[in-house]
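Data block below; observations after.
So that the names make sense, note that chain A is the first sequence line, chain B the second, and so on, each numbered from 1. Because only heavy atoms are used, hydrogens play no part in the values below, and waters and symmetry mates are left out as well, while side chains stay in. Keep in mind that this is a model prediction, so the values were computed, not measured.
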There are 2 protein chains.
Amino acid sequence: MAQAACLWQGSKRELGFSGAVAVSVFSEVSSNDLVTQIARQITEAIVAGRLKPGERLTELQLSREFGTSRAPVREAARLLESQGLVTFSPRRGFFVRTLEASDLRDIYELRIGLELHAASLAVERATDKDIELLERQMRRLYDMADADSIEAQIFEDFAFHRMLCMASGNARLIRVYDEIAMEMRAGITLIGKLYDDPHRMAETHEPIMSALRDRDGERLREALRYHIAVARDAVVALFEETGGVI
Amino acid sequence: MAQAACLWQGSKRELGFSGAVAVSVFSEVSSNDLVTQIARQITEAIVAGRLKPGERLTELQLSREFGTSRAPVREAARLLESQGLVTFSPRRGFFVRTLEASDLRDIYELRIGLELHAASLAVERATDKDIELLERQMRRLYDMADADSIEAQIFEDFAFHRMLCMASGNARLIRVYDEIAMEMRAGITLIGKLYDDPHRMAETHEPIMSALRDRDGERLREALRYHIAVARDAVVALFEETGGVI
DNA sequence: ATAATGTCGATTGTCGACAATTGACACTTG
DNA sequence: CAAGTGTCAATTGTCGACAATCGACATTAT
């Protein structure tokens, strides 16, 4: 339904590439892998809200839109299923995942556990460069507030928290964090409405940075817990208020 | 290579089923889904050590052994990749994941964060039934110790910790825990050697149960942290000692 | 002898086709 | 009129085939 043709832009031949000159000069020559590209496009369509929760994903239709056969689409869809973005019902197909309020609560609760654990580790292991990167990310949050671009600010907000996790130095933790971050982003357009003033959204990160700078683990955890709990309560409330998605 | 024919037993027609009489009397009629079955079998082969880390998984060979075409095998392999059990190299194929000592450290470190968070929640939310189930699981640990079955005891140990996570009441947390548990199990045959006396292995769970019974969050977290950290250090040490896998 | 180059088999990436199953609609029957 | 039944289009599950690509081996030049 709808004008599906413009759901995704760009074809599978998006990076024209002529030839290699030396080794490891070019970054990721092989961004091929149709499956990955398809998965990325569907993911983007979901988190951007172009695909509505509960909507059925028909293999044939998707394959037609991507100009491929069904095989890569199936594999991409299964990938997304393992990430929790879509559900899969045998013999019925794939559907964009619908989130209940309880799901949101679970996700944010899990995020608190993960991120506080990451923070505890980061306090001990964060390098000066890690902190410098986070400081820069803070400035970017303010820049996006100035630019009044809600979407961009949300993106940078995610980047900030991801950097914090990276400072933990635990690769597995980041992998898991990325997974639930993907789930959070599915209902993320909500968050844009949480902060009337974009600057306030940026400012709420200050206590976190402050505690990290001082390497004060207890304060950092408490600041983070408060920061995330506020977001959680607001998201859940707004979610229940609007009676579901979008 | 090797006698691959007996890596997996059972065919895709393992559950002969005649007809339905009423509704929701039979559990999971559709355990079909070749992909799931294949994924499960490969998983089992990996955690059981029949497939060695680093070993290449050839689609054609796997499909021949399962008696299917390559398509379901590919999808199953991608599923396992998203779970971290196998790695995928474009144009090269799938390989059983190799674990470094640092990976094990990361996994156990993450497990500490997850399980302690689960414990914090469980202290407040665990029902009497949850605790009863855990008590029963404790007895099972001792039973397996009596039976002197290391493998079975490891299995029950996992079940115990999983139950603890379930008592948290957070579905997402369990999903994530299952993922990293899968990764832990990949190098799990190690753990069998950690405890000379199987009874001691069972006993190390007592402080955890005790703290949970008393709903003492701080004591529970501390008992768990110690319990897991001991396992982590022992596993890593044994891992580095044997210079790798198996 | 060593390094670069060319060739070839093996394996993956993708495709189109066919059988099996589902859900919906129309139809029959009490 | 309601409940059950039969039929059918749409969609998934699986397959075999072909082209593209990679790694290994043989070959050649320096």
Any residue meeting ring pair (Phe, Tyr, Trp, His ring centres under 6.0 Å) with Tyr177(A), in chain and number order, not counting sequence neighbours: none
What is the separation between atom CZ on Phe95(A) and atom C1' on dT22(C), rounded to the nearest whole Å? 11 Å
For the pair made of CZ in Arg78(A) and P in dG13(D), what is the distance, rounded to whole Å? 7 Å
Under 3.5 Å between N/O atoms: give me all the protein pairs with nucleotides 9-12 of chain D, atom names plus distance.
from    : atom 1 : to       : atom 2 : distance (Å)
dT12(D) : OP2    : Glu59(A) : N      : 3.4

Measure CG/Asp33(B) against C1'/dT14(D) and give the value in whole Å, please. 12 Å
Pick one: which of Arg64(A), Arg92(A), Arg70(A) meets salt bridge (Lys or Arg N to Asp or Glu O under 4.0 Å) with Glu59(A)? Arg70(A)
Do you know which two heavy atoms are closest between Ala152(B) and Met144(B), and how far apart they sit? CB-SD, 3.4 Å
Rounded off to whole Å, could you give me the CG-to-P distance for the Leu34(B) and dG13(D) pair? 10 Å
All side-chain contact (heavy atoms from CB on, under 4.5 Å) counterparts of Ala119(B), not counting sequence neighbours: Leu220(B), Leu224(B)
Exam field: side chain Gln137(A) to backbone Glu156(A), donor-acceptor pair closer than 3.5 Å: yes
Distance in angstrom units between Leu79(B) CG and dG13(D) P, rounded: 13 Å
Can you check the Glu75(B) CD to dT14(C) C1' distance for me, whole Å? 13 Å
Might you confirm whether atom CE of Met166(A) has over 12 heavy atoms from other residues, nucleotides or ligands at distances under 6.0 Å? no
